[in-house]
Amino acid sequence: MPQPGPENVWLWIGTALMALGTLAFIGMGWNEKDEQKQEFYIITIFIPAIAATSYFSMAMGFGLTEVTVAGEVLDIYWARYADWLFTTPLLLIDLALLAGADRNTIATLVGLDIGMIITGLVAALTTASEAMRIAWWGVSDGFFLVLLFVLVSRLTAQASDQPGEVGSLFARLRNVVILLWLAYPIVWIVGTEGLGLVPLYWETAGFMVLDVLAKVGFGFLLLRSRSVLDKATPAATEPEATAAD
Amino acid sequence: MPQPGPENVWLWIGTALMALGTLAFIGMGWNEKDEQKQEFYIITIFIPAIAATSYFSMAMGFGLTEVTVAGEVLDIYWARYADWLFTTPLLLIDLALLAGADRNTIATLVGLDIGMIITGLVAALTTASEAMRIAWWGVSDGFFLVLLFVLVSRLTAQASDQPGEVGSLFARLRNVVILLWLAYPIVWIVGTEGLGLVPLYWETAGFMVLDVLAKVGFGFLLLRSRSVLDKATPAATEPEATAAD
Amino acid sequence: MPQPGPENVWLWIGTALMALGTLAFIGMGWNEKDEQKQEFYIITIFIPAIAATSYFSMAMGFGLTEVTVAGEVLDIYWARYADWLFTTPLLLIDLALLAGADRNTIATLVGLDIGMIITGLVAALTTASEAMRIAWWGVSDGFFLVLLFVLVSRLTAQASDQPGEVGSLFARLRNVVILLWLAYPIVWIVGTEGLGLVPLYWETAGFMVLDVLAKVGFGFLLLRSRSVLDKATPAATEPEATAAD
């Protein structure tokens, strides 16, 4: 089994920060009794908990495999995709609850997201040629662009019915997600998975910083606003409430 | 990594037709504002989009593996099962929404369907002997037969409460699903996965025609009937509406 | 492909008992018309049906792989984890419906459960060293302990609003789950996956007895109490009913 190289330091730092984020969010949500606010806490606690487990698996070497492309051996941390498969839909659900989105919008976002992550995994594991890897990266980017379009059009339109402070928090978090998520395909394509311009050590550091910001950072921005979450909940964040009208 | 042979032409045709179907359904649904009709569009758009991705992966060779059974090497397109795992539940959900089915019926259909696809994948990947492969094909058929029973008994009973035109559309689409889906295990067992009576080239063509009819054809039959979908929606297609009575 | 050894007898007995349990539960639920009681039957029928398929795959040798740890070859029945990934959430959902739990509690239990099973699979497949395997077993136990905490605190609190007989049935089934599930990590750590104190033959027997008790035994305790299930259903077992208030 391949073993992590010096990039391991970033994986251990990632494990620690994700674990700390998990504990912090548990602490922040411990006494929350309101059922709809609990929903934000539960989703936001699971995000770094899953990431901590994934980082631990990469630091241990379990989440690492070798892929041979045109005679060159690449170290591929496949466990990232297992992490992202669960955490990115949860991040989108957090955003969608804040926007008071309907069930169709949530299903569309989650479906596009899963398409993006699975085709990204295919890109990472493709052995046929570097061109094929980049072709799959392009397919994954296609899903991502449609997802971004739904975020800025439909989801943003739905959020406009939310009270002012909720709308501002939604807009800020949506922008955080868009900016941070846009960096992922760039790190991928310049890193060892893609063109190999950036070595694995710095690529791993880059993904770690992005992951911590997009998960723990995002969670702090969301959960510190208890009073805003209060106002978010009366809106039609629940599909049932809509259907029961 | 094994590479597709001359059957590749069918995989590329499948990719193109699924992509065209996806674009057509997006175009048809673009201006739909009604939340419950949108649900049909969203589900029906994801079906060929997933299939297009899967066909692309098979045409590229990523979705292909080799399985050695009794000294004979079989080319197994495993990506079909990844496609079917998601698309066949979505097709059943389309049918169930049209029938105004309750949540229990939907869960039963989806559970049986997943059982059918996973055991079908086991059949395709089994290396022990041809007899074992056929035994697993039989287990998968068992799930399929129970699924058909639920379709023609319980789901059809629930659809009988829908208005006349909705009931007719349901009956037509249900029959399309039953007839086309019955052809899949036959192609499998006469093809290279089973008895090997039909070569991979024609088997791939057969699956492609079935997939396009069962996904793009099904979708056109469903979505061209905008006025019928209008009448479908007031019924208790939402589990919430039932619970909120 | 590795083939099962003499422990195969337990796998065939497991297959038969799970299949019999499935048929018994189908028979018990056949004439049930009440939609909310049907939910218990559907969930409880799928549990042994999935387990029967998994036991069949292990008895056939498909669900078995070899893992080499420090030069020693371990026979790992990975199909157990595919079974547990689906059946343990279903068991928890049965319990949660009986307790009249809200959606947040159900999501928390299912999320912790999936974390427990996936990290358990990682433990079983880890090749780096025995210490790493035990470390992952510890992570999985961590998820399990949090799950147990949610079961005895939050879920039990929610069940206290249920009528007396429902509360007693919940308490009995919750205790059955806690006691039986506590035995799994013990069998794992003393068995061939862990310290190797118990040979594969007796470990397989142990898991089989636990699986049959925790699935078929649990199901009988739950479903034989038709009159209790009657009283369970008017409570807010449906998240929709809560939201529609």
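A 6.0 Å sphere centred on CZ of A:Phe218 holds more than 12 heavy atoms belonging to other residues, nucleotides or ligands.
We find the OG1-CD1 distance between C:Thr105 and A:Ile42 to be 6.5 Å, quoted to the nearest 0.5 Å. Taking OG1 of C:Thr108 as the start and CD1 of A:Ile45 as the end, the distance is 8.0 Å to the nearest 0.5 Å.
Only the side chain of C:Thr119 comes within contact range of chain A, judged by heavy atoms closer than 4.5 Å. Heavy-atom distances place the side chain of C:Val139, and not its backbone, under 4.5 Å from chain A. At a 4.5 Å heavy-atom cutoff, the contact between C:Leu112 and chain A is made by backbone and side-chain atoms alike.
Of all non-hydrogen atoms in A:Thr53 and C:Phe143, the two that sit nearest each other are OG1-CZ, 3.8 Å.
Here the side chains of A:Tyr41 and C:Asn104 are not in contact, with every heavy-atom distance at 4.5 Å or above. At least one side-chain heavy atom of C:Leu125 sits under 4.5 Å from a side-chain heavy atom of A:Phe62.
The existence of a salt bridge linking C:Arg103 and A:Glu35 is excluded, since no basic side-chain nitrogen approaches an acidic carboxylate oxygen closer than 4.0 Å.
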